[in-house]
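Numbering starts at 1 and runs along the sequence shown.
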Amino acid sequence: MPLLEALKKYVEDGVISFHVPGHKQGRGVPLWREYVGARVLQIDANGMEDLDNICNPIGVIKQSERLMAELYDADDCFFLVNGTTQGVQAMILGSCEPGDEIIVPRNAHKSTIGAFILSGAVPVYITPEINEELGIAMGMDVESIQRAVEKHIYAKAVFAINPTYYGVVSDIRAITAIAHDNAMMMLADEAHGAHFPFHNELPEHAMKVGADMSSVSIHKTGGSMTQSSILLIKGEEAWAANMKTVLNLTQTTSASYVLMASLDAARYQLAHEGTQLIDKVLQLARYARDKINQIDGLYAFGQEVAGTPGSFGFDETKLGINVRRLGITGYEMEYILRHEHNIQVEMADLYNILAIIGIGDDQHTIDRLIEALKKVALKQGVHPMRNNTLVPCVPHVVISPREAYYSRKRSIRLEQAVGEISGEMIMAYPPGIPAVCPGERITQDVVDYVNILKEEECQLQGTEDPYVNYIKVLGE
């Protein structure tokens, strides 16, 4: 663990600090030190010769990045301290110039919209397949990618999610082949796929199938701290050098050594124990799914969705639970679990909740979840099934997100915005899939969808108005 070991030596040497941060190894913030512990503040250091520098890593950071690249079958790796958002935006900035088209699924994370604004790239959206029973967006069909590539022959890249928030994967190998056969870059958002390389019963990861770049949230399923991710690259050394320049456009010059050291430690653990750890996670997830599916009114979906439209495979560590037959929404189930059973799930939508099973879970935490779900189901009872699956449509892109962002705008009530060109983005977060993006025509379907989300009190964001009663549209 080159970086962590260098930080340990820095602490053990008792270096007298006259550099930032100003808390000086925790001495200046005794209340905070007492709560979080002295050690984490002692390693909250700054760039220097023996600790390297993230903007131009040539020492222990670079050594740690090389070890991470080797672990993930990549040629190069960069540590990220602004999450996979930073990696997604760097991939698009590095592969697209203003006006270039990029093929992207509509259910991509909101970070892609930021990337379009920063780069000037123009999205060509692929509508994901919809599972009507579950009411969720799935993955991209290979045929739809092929059609998009044939229609947009000058697109610079194809962008894929591997996996989706719900654990659904597209045929990443076939999509990569299509992109490369048409001289396009293959980019992957693997925010939820950090664990894929460590078990042969999990889907393939992007580097294994030859994708050009992948942004991976090690913090989500790999064990590092929140906000720590990596950017993986396959290709010539010159390409990696270009991506370092791209990253330095938006990356802080004061990267957290606590976050970077957690990447180093997580990588070490995955290298030595990854298969055993992920095997345990899979066993717990399968146990939980089996027990939950014995509860009347609940459906924990799993491998059976693989092979359905838009689903080439499935990540079993994502425990999605459909609650529609209990007569409540996923949002209501999330609230009940937190306020009556002290359990917080990862996210909720109209019909489902999602629990992430990770390397820190054990039999006790899983049993607590199962017991809580049993109690809620017993109290609610089973109701006649109602299925009003509502999925946002894909509005027409009138101008690029970048043009819309820099255009003059006015604020009007959402109900009056039908027919206008949106100057803002609206999405439910999580999962962060936009209902409308800057530069798109607002339709009545968009307004209706947003109003239903507001009625369900889900977390909407993207507009300046925190309540999404108003939206900015283009025009004086």
Side-chain angles (χ1 to χ4, degrees), residues 83-84 131 134 136 138-139 161-169 189-205 216-226 228-229 262 266-267 269-270 273-295 298-306 311 313-323 330 333-334 336-338 341-349 351-377 430-432:
T84 290
N131 186 305
L134 300 175
I136 62 174
M138 306 297 273
I161 312 166
N162 191 50
T164 69
Y165 218 146
Y166 295 97
V168 175
V169 295
D189 175 352
E190 295 190 300
H192 287 274
H195 55 301
F196 279 9
F198 305 103
H199 205 286
N200 58 14
E201 294 177 33
L202 289 173
E204 291 185 305
H205 61 106
V216 185
S217 297
I218 302 298
H219 69 93
K220 283 187 168 67
T221 56
S224 66
M225 292 182 70
T226 296
S228 57
S229 295
S262 79
R267 188 270 316 155
Q269 178 172 268
L270 288 170
E273 305 172 47
T275 300
Q276 302 96 297
L277 289 170
I278 302 306
D279 188 70
K280 175 190 169 187
V281 171
L282 277 171
Q283 297 309 315
L284 287 172
R286 289 165 180 168
Y287 166 80
R289 193 168 273 110
D290 179 63
K291 293 294 184 183
I292 292 167
N293 282 332
Q294 295 175 33
I295 302 172
L298 295 179
Y299 169 42
F301 49 95
Q303 281 290 8
E304 69 278 2
V305 305
S311 179
F314 186 76
D315 172 16
E316 294 180 75
T317 70
K318 306 297 187 295
L319 184 61
I321 305 165
N322 188 277
V323 303
M333 175 63 92
E334 178 184 31
I336 293 168
L337 287 174
R338 179 58 191 270
H341 300 277
N342 205 30
I343 291 173
Q344 180 61 57
V345 296
E346 171 67 14
M347 77 160 186
D349 61 27
Y351 298 131
N352 308 281
I353 58 171
L354 177 66
I356 303 291
I357 311 300
I359 59 176
D361 279 304
D362 55 28
Q363 194 68 46
H364 172 70
T365 61
I366 299 299
D367 284 337
R368 281 283 305 274
L369 174 63
I370 294 167
E371 288 305 311
L373 291 169
K374 281 182 181 177
K375 290 177 181 178
V376 177

Minimal non-hydrogen separation, [X] against [Y], with atom names:
{"X": "S224", "Y": "I218", "value": "OG-C, 3.3 Å"}
{"X": "A355", "Y": "L369", "value": "CB-CD2, 4.1 Å"}
{"X": "T221", "Y": "H195", "value": "OG1-ND1, 3.0 Å"}
{"X": "A300", "Y": "L319", "value": "CB-CD1, 4.1 Å"}
{"X": "S217", "Y": "A191", "value": "CB-O, 3.0 Å"}
{"X": "A266", "Y": "G222", "value": "CB-O, 3.7 Å"}

If you round to the nearest 0.5 Å, how far is [atom2] of [Y] from [atom1] of [X]?
{"X": "T84", "Y": "H192", "atom1": "OG1", "atom2": "NE2", "answer": "8.5 Å"}
{"X": "E201", "Y": "Q303", "atom1": "CD", "atom2": "CD", "answer": "9.0 Å"}
{"X": "L277", "Y": "L282", "atom1": "CG", "atom2": "CG", "answer": "11.5 Å"}
{"X": "I353", "Y": "I336", "atom1": "CD1", "atom2": "CD1", "answer": "10.0 Å"}

Run the salt bridge (Lys or Arg N to Asp or Glu O under 4.0 Å) test against [X] and tell me which residues pass, sequence neighbours left out.
{"X": "E371", "value": "K374"}
{"X": "D315", "value": "K318"}
{"X": "E304", "value": "none"}

Could you list the residues that satisfy side chain to side chain donor-acceptor pair (under 3.5 Å) with [X], not counting sequence neighbours?
{"X": "Q269", "answer": "none"}
{"X": "Q344", "answer": "E334, R338"}
{"X": "K291", "answer": "none"}
{"X": "S262", "answer": "none"}

### Message
The test is side chain to side chain contact (heavy atoms under 4.5 Å, CB included); show your working for L284 and T365 and say whether it passes.
### Response
CA-CA 10 Å; L284 287 172; T365 61; over 6 Å; no
### Query
Can you check side chain to side chain contact (heavy atoms under 4.5 Å, CB included) on I370 and Y287, steps first, answer last?
CA-CA 10 Å; I370 294 167; Y287 166 80; 3.7 Å; yes
Considering residues at least two apart in sequence or located in another chain, which fulfil the side-chain contact (heavy atoms from CB on, under 4.5 Å) criterion with [X]?
{"X": "V305", "value": "L134, M138, F301, T308, S311, F314"}
{"X": "T164", "value": "N107, Y166, V168"}
{"X": "A372", "value": "L337, H341, I343"}
{"X": "V281", "value": "T317, I357, I359"}

### Message
Within the structure provided, determine whether F198 and L270 are in side-chain contact (heavy-atom separation under 4.5 Å).
### Response
yes
### Message
Side chains of I321 and I295, heavy atoms from C-beta outward: is any pair under 4.5 Å?
### Response
no
### Task
Could you go through the side chain to side chain contact (heavy atoms under 4.5 Å, CB included) check for I356 and K220 one step at a time?
CA-CA 9 Å; I356 303 291; K220 283 187 168 67; over 6 Å; no
### Task
Please determine, by modelled atom types, if H199 and D279 share a side-chain donor-acceptor pair under 3.5 angstrom.
yes
### Summary
salt bridge (Lys or Arg N to Asp or Glu O under 4.0 Å) pairs touching residues 357-367, sequence neighbours excluded, are none
### Task
May I have the step-by-step check of side chain to side chain contact (heavy atoms under 4.5 Å, CB included) for I136 and L354, ending in yes or no?
CA-CA 12 Å; I136 62 174; L354 177 66; over 6 Å; no
### Task
Would you check if the side chain of N293 reaches a backbone N or O of R289 as a donor-acceptor pair within less than 3.5 Å?
yes
